[in-house]
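The structure under discussion appears below in the form of structure tokens.
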Amino acid sequence: MTTIPLVDLKAQYSAYKHEFDAAVEQCISSTSFIGGTAHAEFREAFAKFCGGGHAVLCGNGTDALYLVIRCVLGPGDNTKEIILPSHTFIATAEAIIMAGYVPVFVDIDPHTWIMTPELVARAITPRTKGIVPVHLYGQMVNMEGIMEIAADHGLAVIEDAAQAHGASWKGKGPGMYGDAACFSFYPGKNLGAWGDGGAIFTRDKSLAEAITMAANHGRKGKYFHETSGLNSRLDGIQAAVLNVKIRYLREWNERRRQIAALYDKAFCAVHAVVTPTVAKEADHVFHLYVIQVPERDRVLAGLHEQKIGAGIHYPVPLHEQPVFKGMDIAPEALPITHKLAGSIISLPIFPEMTPDQVDRVAQAVIGLVKE
Ligand SMILES: *Cc1c(COP(=O)(O)O)cnc(C)c1O
């Protein structure tokens, strides 16, 4: 029995080996390890991919979020609040805390499993300064609704698009609504480097300049530091790899949608399996294909026994994490998030996945839920 991994990075490397090797070799022979041609080229290509505006490349997705919060709102004093969903990766909350703000967790929609404008509206207090919508699994939050609330209350909107390269809401992608969108190029993401990497996309030129400075020791020129920043840059080699990959990203996202459609079809008559709901305004890029099943732990163990690399994103909601114990939020305070965490499974999905592999995974799930 062969293994079907959650994501198969080897398949992608072998398919485009010559292009990758040439791009990396070029970077090494020109010793463009920081900055350089590949870096500048990728920055332009990524901004264009996002819809035309300004991209800033940085060290990882967590830094991207931190840098934007810092530059849009200024350093916080640990009393002002930023709203985010509890159902997300820890980095979303970490960036808020690093910037000096208090994370305020909200619940999610029971069908799309992402934040809604209604839930955000209810969490606003006189201390609220910003909203971080998370386009989880590759589906964008209703950004029109979020922007209306933000305008009414004068709030910053920082989009966490770490799982949503190429996604859209009514035809417009991350960063076309909010102040800026933050991306991660962690290897397993839809657009992944060969190590850590991140980017910010914004339509605001002066914000892009401020973030560029903050990410590079607060400097514009070589020796003059205008603000106190940090070292968060994307390596030349990572930029070279991403430059190759971005050419195929739309094609790969389309493959992911096709695989999701195959899964949907396989599960459509199986009532025990709840498949993802996609809002009609959204173009989903399926970074993850997540289902809800009864007896999740037994089904997950069964998949692992059959050498299927399924995962859970995420098994413990942020409001229930040990690190936030001090906030004293009851698990049931966010009932949908709490319940979802106990019933979800992420199934393998990657552009090179074959219909036979999809079928093997789907049949394994169906067999297990019927036991
Ligand atoms: C991956 C991810 C991040 C963080 O990105 P890193 O590059 O790993 O720092 C933030 N938010 C979400 C939702 C993510 O999936």
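Owing to the predicted nature of the structure, the values given are computational and were not obtained by experimental measurement. Just follow the structure's listing: the first ligand is 1, and inside any ligand the first atom is 1.
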**Message:** For D179, is there an ion pair with R203 - N to carboxylate O distance below 4.0 angstrom?
**Reply:** no
**Asked** Would you call the rings of Y137 and H87 parallel, tilted or perpendicular, where under 30° means parallel and over 60° means perpendicular?
**Response** perpendicular
**Prompt:** What protein heavy atom sits nearest atom 1 (C) of ligand 1, and how far away is it?
**Reply:** K189 NZ, 1.5 Å
**Complete:** Note: T88, heavy atoms under 4.0 Å from ligand 1, region reported as side chain
**Request:** Could you tell me whether R250 and E254 make a salt bridge, using a distance below 4.0 angstrom between a side-chain N and a carboxylate O?
**Result:** no
**Item:** Per-atom contacts of ligand 1 with N60, taking only distances under 4.0 Å to non-hydrogen atoms
**Value:** 7 (O), 9 (O)
**Request:** Would you kindly say whether N231 and N216 are connected by a side-chain donor-acceptor distance under 3.5 Å?
**Result:** no
**Item:** SB check E19 R247 (cutoff 4.0 Å)
**Value:** yes
**Item:** Numbered atoms of ligand 1 (with element) below 4.0 Å of A91, judged on heavy atoms
**Value:** 3 (C), 4 (C), 10 (C)
**Request:** Please verify whether a non-hydrogen atom of D160 lies at under 4.0 Å from ligand 1.
**Result:** yes
**Request:** Assess the side chains of Q292 and S343: does a donor N or O sit below 3.5 Å from an acceptor N or O?
**Result:** yes
**Asked** Near Q321 CD, under 6.0 Å, is it more than 12 heavy atoms from other residues, nucleotides or ligands?
**Response** yes
**Prompt:** Any idea which of A199, A164, S184 brings a heavy atom closest to atom 5 (O) of ligand 1?
**Reply:** S184
**Item:** Heavy atom of H313, distance to ligand 1 below 4.0 Å
**Value:** no
**Asked** Looking only at distance, does G61 have an N or O less than 3.5 Å from an N or O of ligand 1?
**Response** yes
**Asked** Can you tell me which residue and heavy atom of the protein come closest to atom 9 (O) of ligand 1, and the distance to 0.1 Å?
**Response** T62 OG1, 2.5 Å
**Prompt:** So which heavy atom in the protein is nearest atom 15 (O) of ligand 1, and how far is it from that ligand atom?
**Reply:** Q163 NE2, 2.8 Å
